[in-house]
Amino acid sequence: MAANYWSSSQRLHWQMSREKLAEIRHNLDAQDEKAVQAYPLPSYRQLSIFFNSRTACPSQLIRLGRRMQVRQQALATAQLYVRRFYTKVPIRDTNPFLVMATCLYLALKMEECPQHIRIVVSEARSCFSDIMPAYPEKLAECEFYVISELNSYLIVHHPYRTLQELTPILNLTSEDNSTSWQVINDSCVTDLPLIYPPHIIALTAIFLSVVLKSSPSQTSLHTTAAAAAAAAAAVATNPVANVPAIPANTGGDFNGGGASTNLSGNGQGQQQNRVGRLIEWYAESKVDMEAIIDCTQEIISLYEVWESLPPQAEKVFKEQLCKMVKQRGIS
Amino acid sequence: MPPYRSKVRVLEKYQIIGFISSGTYGRVYKARSRTPGNKKEFAIKKFKPDKEGEVIQYTGISQSACREMALCSELSHENVIHLHEIILEDKCIYMVFEYAEHDLLQIIHYHSQNPDRRPIPETTVKSVLWQLLNGVSYLHQNWVLHRDLKPANIMVTAAGEVKIGDLGLARLFYKPIQSLYTGDKVVVTIWYRAPELLLGSKHYTTAIDTWAVGCIFAELLALRPIFKGEEAKMEKKSTVPFQRNQMQKIIEILGTPTPERWPDVRQNPEYHQLSSFKQYGDNLKAWYQQIGQTNPQGYDLLAGLLNYDPTQRLSAQQALEHPYFHEGAKLSLNAFEGQTFEYPHRRVTQEDNDISLPGTKRSGLPDDSIAGNRAKRLKEG
Ligand SMILES: Nc1ncnc2c1ncn2[C@@H]1O[C@H](COP(=O)(O)OP(=O)(O)O)[C@@H](O)[C@H]1O
């Protein structure tokens with residue numbers, strides 16, 4: 001239930017396989033093929049970046065959240081509501097700007113930092129321009145729509161809590177912690193929260209933050225992560241074996257032995273050692289390494305898409321969406 | 001976007017039998033399913049967004065209704081009222097609950113009004129208390145604080161199962177960062193409010209719920225509230241008044257909260273208020289005897305639940321393991337087992353049973369926690 005992920009509605013009703021998710025989206029598009037042809041929109045991934053991302057292409061929802069100085073957790077909740085909503089409703093039947101503002105309004109209540117509906121509407125209008133309806137009643141009506149499509153399952157679990165719990169256990173530095181936190185934020189831009197339990201995403205974020213630090217430069221990020229993922233896979237299939245190329249401490253305890261002295265070191269070898277120990281800890285804790293690898297790849301490819309997006313992408317996406325909303329008369 | 005339309009219509013699915021009550025946030029109706037063969041009864045709680053006399057408009061769902069919807073959808077336990085479904089229709093929220101024939105307020109009332117004032121049978125008290133603690137323990141294990149436990153919110157089905165209801169004030173307490181105190185300042189009906197809250201503590205713990213359970217236990221035995229204080233009204237919206245009279249009632253029975261009994265008592269913001277009270281010794285045992293109770297385990301459990309120190313107060317889980325439940329008469333999961341009489345059924349009236357009409361009573365304000373005033377709710381406690 002509520003704070004227990006294993007019996008939560010998130011696990012029981014809102015966690016699905018990648019294949020299932022693809023099928024749902026295919027079926028949504030198939031509901032109204034005419035609209036899909038008439039109003040070409042960016043891909044789900046690009047849209048999701050447009051709605052949610054923070055860096056490459058400042059997203060709409062995050063922009064609104066920042067403007068309103070919303071706590072990250074509430075923003076993550078709003079992002080997940082948007083994502084769940086669009087597994088139920090074809091995007092072309094909606095005004096995505098109104099949906100985003102509504103999800104944020106609802107998330108703020110659920111995360112115990114409520115804002116008045118009028119404030120949300122006026123901030124959303126300043127942020128999204130007049131594509132956002134001016135009347136609070138519109139948002140309030142959309143709230144019914146959202147809650148109904150979400151089946152009133154509004155309590156969501158995020159990876160942040162696992163990260164906080166594991167930080168002392170894995171002896172993470174504050175830098176590791178904040179990189180992991182950032183990766184978790186980025187995971188909200190992907191489908192991962194619909195596919196994987198929050199602790200898997202947290203473990204991926206920690207894994208990535210430690211791997212990224214051991215990587216000599218950003219350019220080899222992909223290769224480093226891929227190598228680490230391969231190493232992780234090796235451990236997953238044969239936990240007793242030492243990690244090839246990234247030697248692990250035979251003690252196997254991430255904290256134990258000389259670990260804590262190593263942690264403050266920033267030499268290349270020491271960092272690689274940390275990666276090895278972390279992987280070993282995961283293996284001993286019976287972490288689902290396949291899942292970690294899959295999540296890692298998803299995050300890495302998100303970063304690649306980010307980098308490949310042209311600077312004018314935001315403008316183009318927004319125009320496409322606004323045109324669709326206006327021409328279909330779904331303000 | 002096209003106007004919102006509910007996929008399910010309340011009146012198509014349910015037949016309204018009558019009107020039960022008008023609560024703080026709306027009205028409650030008794031209903032039956034229209035599905036042939038389904039004999040189950042339901043209580044439908046209707047939240048209205050409108051204010052009296054206005055044209056109904058969408059105004060945004062109150063935070064309290066959001067919490068109740070979200071928590072009730074998530075919770076599932078035999079001692080927590082079961083939410084059957086939620087229907088969002090015509091700008092109103094309908095929460096469809098399983099129907100509970102009785103509640104503790106009504107059961108206590110039945111006994112206290114009875115000319116020969118028969119006490120509630122010990123087997124019933126024991127069963128009710130155990131089931132109540134079992135539900136509270138489940139809530140706490142799942143990081144939910146109920147925050148408004150009182151006899152009116154504890155329901156009992158015709159089969160004698162206890163169901164904790166009204167989660168409109170309940171909150172998740174694992175959420176870091178924000179103090180639980182922000183948002184809504186006043187919680188728990190005054191008679192059931194824990195001493196640390198009366199003394200201005202901002203540190204909410206599960207112990208505020210177990211204090212309330214202690215008060216309810218005492219009330220089941222005495223057939224009247226153990227600490228029946230008079231509420232000091234809010235004068236200014238911004239300041240919460242010190243509830244002197246309520247504190248007085250507690251001190252008269254439990255004695256002065258000294259640092260020996262409650263090591264951190266000085267840490268409470270309103271601690272200084274205590275110096276103006278007369279000193280009392282602990283009179284709980286005398287109170288217990290005076291109401292005619294003789295079971296020493298019952299006393300021990302009561303004292304454990306009404307421990308001043310929230311860190312030493314029994315947790316729901318500890319209380320469940322108390323010898324009181326495991327000695328003497330066998331514990332039954334049917335509160336009415338062996339009873340030779342029947343409690344009257346919940347009153348259902350016909351006058352007001354058109355669920356589709358806008359109500360005449362004011363409902364919860366939209367965005368209520370921003371308005372910040374819970375006084376109305378408390379009055380109705
Ligand atoms: N499941 C139920 N079965 C029967 N009666 C109920 C049920 N839920 C609520 N009621 C009745 O409606 C009243 C108000 O419900 P409650 O949930 O406490 O609303 P409020 O939050 O407005 O006080 C209760 O005191 C009780 O008499």
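Chain letters run A, B, ... following the sequence lines, proteins first and then strands; every chain starts at 1.
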Contact class of [X] relative to chain B, heavy atoms under 4.5 angstrom:
X	answer
A/Ile147	both
A/Val99	side chain
A/Glu141	both
A/Asn95	both
A/Gln164	neither

Who among A/Gly329, A/Ser148, A/Cys142 has the most heavy-atom pairs with chain B under 4.5 Å?
A/Ser148

Let me know if B/Glu85 has heavy atoms under 4.5 Å from chain A in its side chain, its backbone, both or neither.
neither

Assess the pair B/Phe42 and B/Phe97: is the distance between their ring centroids shorter than 6.0 Å?
no

Run the ring-centre check on A/Trp181 versus A/Tyr160 and record whether the distance is less than 6.0 Å.
yes

Let me confirm one number: the OH-OH distance from B/Tyr94 to B/Tyr29, rounded to the nearest 0.5 Å.
8.0 Å

Answer yes or no: is there an ion pair linking B/Asp166 with B/Lys45, defined by an N-O contact shorter than 4.0 Å?
yes

Are any of the side-chain nitrogens in B/Glu98 or B/Lys40 under 4.0 Å away from the carboxylate oxygens of its partner?
no

Would the distance check show the side chain of A/Asp29 and the main-chain N or O of A/Val36 forming a donor-acceptor pair, the cut-off being under 3.5 Å?
no

